[in-house]
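First the structure, in the form of structure tokens, and then the observations on it.
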Amino acid sequence: MEYVDYHVHSNNSFDGKFKIIDMCKRAATLGIAEICFTEHFSIDPKDVSYNVLNYYKYSEEINAAREKLKDKIIIKKGLEIGEPYILKKNLEDEVKKMNLDFIIGSIHNINSLKLRLSMRNKDKKYVYSDYFDEILKMVGNSDIDIVGHLDLIKRYAYDLYGNYKFNDYKEILEEILEKVIVNNIGIEVNTSGFRNKVGETYPSMDILKLYKNLGGKIITIGSDSHDLDNIGNNYFTVTKMLNEIGFKYIYKYEKRKKTAIKIES
Ligand SMILES: [Zn+2]
Ligand SMILES: [Zn+2]
């Protein structure tokens, strides 16, 4: 089936190291048909991404890579916006000026504090529930296509508290997913969790099953690669997982309109 990666960061993100062209070349070598850059973006002055992205430069680099690799790979231009409900009106004005294919909404901070720091002196219960509360806030009030790494907090909580039990948070997760469905957005399966201690996707299989049971259909797959080695990472592991759960399609985007890709086992 068509091999795509809908979550990668180049050096246009504060934490990316590699040039767009080099990442695209690497992706093409791996047999990836389509790659979507999702550079970090925030208009919260307290966020690490504030004022980092030069949209003009980003766009030029995407155009140059498209031209150079036009027979080899399709390249999409997206953003990963942190806490997209903060300064919403200003954010929308900024985003309107850009010509984007795809937007991921993610929670990286709580009250403008990085997740790792926001957890300090909190009980396990609140570490997880505070994070899910932010996700709930986001899905009800943001102009995004997809929810990024829906249970990412487990990555930071893992050392102190271990992974969470799905049943302890089922209620709020159900509320989140119902809002996702009603608002016609989707969720991402982020494979970067396979590369750290949690050893599983963000979100977990349990969340994906719940999403399916509630009637959810819109899913993208992304590696969240910030380097050359992890582009396209574990894509087929995930398509197999999704197929087993009963999903028939994943999605790709152009100018924020989605198209289905059939999952083939
Ligand atoms: Zn993220
Ligand atoms: Zn990311």
Side-chain angles (χ1 to χ4, degrees), residues 4-20 23-24 26-27 32 35-44 46-50 52-53 58 62 75-86 91 95 100-110 112-119 130-132 134-135 137-139 142 144-158 176 180 185-198 200-204 207 219-235 238 252-253:
V4 304
D5 189 340
Y6 259 70
H7 191 153
V8 297
H9 298 271
S10 75
N11 60 7
N12 286 288
S13 292
F14 79 95
D15 52 357
K17 295 172 209 67
F18 294 90
K19 290 184 190 160
I20 283 176
M23 293 184 76
C24 292
R26 171 73 182 152
I32 291 174
I35 188 169
C36 182
F37 288 85
T38 51
E39 308 294 358
H40 288 299
F41 187 73
S42 175
I43 62 161
D44 177 359
K46 293 182 198 145
D47 189 273
V48 281
S49 291
Y50 181 70
V52 173
L53 184 75
Y58 177 33
I62 290 276
I75 303 161
K76 295 286 171 63
K77 182 172 58 180
L79 291 182
E80 178 180 17
I81 304 179
E83 301 77 53
Y85 45 82
I86 295 177
L91 176 66
V95 169
L100 299 168
D101 292 305
F102 179 61
I103 299 179
I104 299 177
S106 293
I107 303 300
H108 295 128
N109 301 330
I110 296 177
S112 299
L113 262 187
K114 284 186 159 196
L115 292 180
R116 197 187 296 277
L117 298 174
S118 81
M119 288 177 19
D130 285 0
Y131 179 80
F132 292 136
E134 294 298 310
I135 296 268
K137 214 191 291 179
M138 175 172 81
V139 296
S142 307
I144 58 175
D145 299 309
I146 283 283
V147 178
H149 44 59
L150 198 150
D151 63 1
L152 175 72
I153 188 69
K154 68 190 176 194
R155 170 179 174 179
Y156 302 103
Y158 194 85
I176 289 168
V180 163
I185 55 179
I187 64 174
E188 160 191 72
V189 183
N190 184 302
T191 66
S192 70
F194 284 126
R195 309 196 292 274
N196 62 48
K197 283 184 198 161
V198 297
E200 60 178 32
T201 52
Y202 310 117
S204 66
I207 293 182
I219 288 185
T220 60
I221 303 175
S223 68
D224 213 345
S225 177
H226 290 65
D227 53 43
L228 298 176
D229 293 334
N230 294 307
I231 301 171
N233 186 260
N234 275 305
Y235 178 79
V238 171
K252 57 182 180 178
Y253 289 74

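Note that ligands are numbered from 1 as they come in the structure, with each ligand's atoms numbered from 1 the same way. Nothing here was measured: the structure is a model prediction, and the numbers come from that model. Side chains included, hydrogens not; waters and symmetry mates left out as well; all remaining heavy atoms used.
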Worksheet item: When rounded to the nearest 0.5 angstrom, what is the spacing between CG in N233 and CZ in F194?
Response: 8.5 Å
Would you check if there is a donor-acceptor pair between the side chains of [Y] and [X] at a distance under 3.5 Å?
X	Y	result
E188	T220	no
D5	S223	yes
N12	S10	yes

Discussion item. Would you call the rings of H108 and H40 parallel, tilted or perpendicular, taking 30° and 60° as the class edges?
Written reply: perpendicular
Worksheet item: For the residue pair Y202 and H149, does the interplanar ring angle fall in the parallel (under 30°), tilted (30 to 60°) or perpendicular (over 60°) class?
Response: perpendicular
Worksheet item: For the Zn ion (ligand 2), which protein N/O/S atoms are closer than 2.8 Å?
Response: H7 NE2, H9 NE2, E80 OE1, D224 OD1
